[in-house]
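I have a structure here, written as structure tokens, and I will follow up with some questions on it.
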Amino acid sequence: MNESVQYIYWIEHGVALGYLIAWYLWLISLAEGTHIVAHLSWLYYRSEDYRPLEKIGTFQPFIILALVPLFLVVDLGHPERFYTMFYHWHWTSPVAYGVYIITFCMISYAIHSYYLFRPELIYRAREKGPLQRIYQLTVFNRMEEGDLGEIRSRQQGRERCWAGVSLAFSFLGLIYLGILLSSFKGRVMWHSSVMVFIFFGFGICSGSAFLILLTHLKNAFVHTPFKALTAQRRYLAEFGIILKYALLGQAAVFFIYFVLLQYTGIGGRLAAQVFFDGPRAFQFWLFQVIIGLALPFALMLFERLRESILISCVAALATMTGTLFGCMNLFIGGQLLPMTNFRWEQFIPEPGKITFGIVTMAVMFIAFLVTYKILPYENMES
Amino acid sequence: MKNRHKAVDRREFLRSFGVGATVLAGGGLLLERPEMLQAAVPQKKYGMVIDTNRCIGCHGCTIACISENNVPEGYYRSWVKIAEKGTYPTTSTHFLPRLCNQCEDAPCLNLCPTGATYRTHEDGVVHVNRDVCVGCRICVVACPYGSRFVNPLTHTADKCDFCYHRITKGLEPACVDACTGRARIFGDLNDPKSRVSRYMQGRSTQRLRVDLDTRPKIHYVNADESIMGPDYYRLLSGRES
């Protein structure tokens, strides 16, 4: 290998799967992480004041998972054949399982959300108003007797059952993302069991950050009752602690990943180089490490900073940017390693698809604000 | 105590009898219906040997493949990688004709979510069903040999299938037919009398990326180590060009 080799003729293969699929993976990890953080926090707090945040952390992931297949469909060569993935099932492919996992995850979020909203929906369906008919339809015209507390206690078993199911699917979804990438045995950067933990790290970091950011944005855009606002700010400040430790966990997982790459032969060392001083180095050091890890960790370190709305929003946005770039660095970087030649594979971003991604994310946020105006997110006095 | 001293106790006898009867019945069934045995083991195993000593790097195989399979411009089912090794005056030129390795444990086939990539059981050739392929490109990323691409005309995955339309009619793949130096030898690896099997006898062959355990069916004779895989050493030392 010390001999001089001049390449005369070779083929460049390029990067086959671009930003849109990396974005797709990030959005799934974000949705599932948000639900895990929101629901596990409910199990910790078990307070009525917390319930609006659990609703946000269940219904917004549902909106994301309902729209995220668009990212995949747009990237397909034959988008009109997308549905065939449900019945042309190939049992050795992780994606074949993923199609069902993500679908069932979305359905479980929808049912869990239904039980979370149901008592308030019944309450609203009883009141006369322009949307009364819609509320009656959402509860299938089954108007139960009693106040909110009684309805909630009657459905508690079903609500907690679906909460458990949706939580299980959330974990399954994050495991799926890890297994999906690690199943590519020819891709040295991905073919590692650490992938599962990396996606757990991405999920918990971006999930807690997303809950902080989304709730603060919601409070800024639409009216929230003062009492609820105060309670939610307290919880969001405490989410800052989760975010702090999640960032620490993510950094630890990446450290272990890079150590393992050093022991995975020359391919592993080259994969690590992609991040350190290779084609993704700028995105890795600036967006993933400085903006995505160091900055939010520093901002979430002290209680006073965590209580500041502006600072916690900056930290949350920085974390989400970091995990998004983390996902992209990993996904694109894994394809930059050449399979047959001696050069980094060329990656040409597609502006049309990036615009589509941004527009779809905006639609997800607008859908959330619209549902906030219609659905009873906040607690009601019975 | 008495039972323990028996040479064979009842349970052991029944277990041995059961296993024996199952083996005999299964064996008898296979002897009675040999097509069941044939279905379990492929009759043919199409493969190729490429003798790099005979390759002259004329790209005849590339051209023949493009014209035979209507491969769009800028894409290749088969190509030849060429490198020059050493410093003047002690240099040597090396050629490595590339194509789909028709792996026995093909990552592209395993990861295809719809089963559009499949293997014909009778000869082990890996195909793409264009009517089922959704164009997700997972197989393109999964292939460790860079042998797949998405055809811009059909928007589905595309790859070498040993010119299946030709080999099923008793012809040779277009690249084999066009090879000037007769470097490519195609045939049934399971048949000891086939040209490819006879060529492999007495010659040591190499395969690409054996570390991945994909069991490729393309064998190379005298391929130079430096040209067989991606040059990670060059990239790691920062010499990209």
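Just the heavy atoms: all of them, side chains too, but no hydrogens, waters or symmetry mates, feed the values below. Below, read A as the first sequence line, B as the second, and so on, with proteins coming before strands; counting in each chain starts at 1.
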For chain A, find which of B:T114, B:D224, B:V141, B:L212 contributes the most heavy-atom pairs closer than 4.5 angstrom.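 It is B:V141.
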
Any chance you could measure A:I64, atom CD1, to A:E32, atom CD, to the nearest 0.5 Å?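 The CD atom of A:E32 is 10.0 Å from CD1 of A:I64, to the nearest 0.5 Å.
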
Please look at A:N341 and chain B and tell me whether the side chain, the backbone, both or neither of the residue comes under 4.5 angstrom of a heavy atom of that chain.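 For A:N341, backbone heavy atoms alone lie under 4.5 Å from chain B.
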
Between A:I11, A:L180, A:L72, A:I21, who has the most heavy-atom pairs with chain B when the cutoff is under 4.5 Å?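 Of A:I11, A:L180, A:L72, A:I21, A:I11 has the most heavy-atom pairs under 4.5 Å with chain B.
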
For chain A, find which of B:D211, B:V140, B:V132 contributes the most heavy-atom pairs closer than 4.5 angstrom.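 Max contact count across the listed options: B:V132.
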
Atom CZ of A:F331 and atom CH2 of A:W26: how far apart are they, to the nearest 0.5 Å?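 So the gap between those two atoms works out to 15.5 Å.
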
Between A:D277, A:T84, A:V95, A:L17, who has the most heavy-atom pairs with chain B when the cutoff is under 4.5 Å?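 Answer, by heavy-atom pair count under 4.5 Å with chain B: A:L17.
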
Looking at A:F342, does the NZ or CZ of B:R234 lie under 6.0 angstrom from its six-membered ring centre and within 45 degrees of the ring axis?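 Judged by the rule, B:R234 and A:F342 form a cation-pi pair.
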
Establish, from distance only, whether the side-chain atoms of A:N329 and A:Q288 form a donor-acceptor pair under 3.5 Å.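 Distance-only check passes for A:N329 and A:Q288.
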
Heavy-atom contact with chain A under 4.5 Å, split by part of B:V150: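 Neither part, no heavy atoms under 4.5 Å.
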
Select, from A:H191, A:R81, A:H13, the one with the greatest count of heavy-atom pairs under 4.5 Å involving chain B.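 Going by pairs under 4.5 Å, I would pick A:R81.
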
Quick check on B:Y232 against chain A: is it the side chain, the backbone, both or neither that has a heavy atom closer than 4.5 Å?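 Contact with chain A: backbone and side chain both.
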
In terms of heavy-atom pairs under 4.5 Å, which option from A:K185, A:H90, A:Q273, A:M85 contacts chain B the most?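 Most heavy-atom pairs under 4.5 Å with chain B: A:H90.
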
Please classify the contact between A:R187 and chain B as side chain, backbone, both or neither, with a heavy-atom cut-off of under 4.5 Å.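 The side chain, not the backbone.
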
Any salt bridge linking B:D188 with B:K45? Criterion: basic side-chain nitrogen under 4.0 Å from a carboxylate oxygen.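 No salt bridge links B:D188 with B:K45.
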
Pick one of side chain, backbone, both or neither for A:W190, based on which atoms fall under 4.5 Å of a heavy atom in chain B.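 Contact with chain B involves the side chain of A:W190 alone.
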
At a heavy-atom separation under 4.5 Å, does B:T154 approach chain A through its side chain, its backbone, both, or neither?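 Only the backbone of B:T154 comes within 4.5 Å of chain A.
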
Pair B:R148 + B:D158: basic N to acidic O under 4.0 Å: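 Looking at B:R148 and B:D158, the cut-off is not met.
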
Does a salt bridge link B:R166 with B:E68, judged by any charged N lying under 4.0 Å from a carboxylate O?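 Yes, this pair counts.
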
Tell me, side chain or backbone of B:F95 under 4.5 Å from chain A's heavy atoms, or both, or neither?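 Contact with chain A: none, neither part.
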
Atom pair CZ (B:R184) and CG (B:D51), whose distance is rounded to the nearest 0.5 Å: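 B:R184 atom CZ to B:D51 atom CG measures 12.5 Å (nearest 0.5 Å).
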
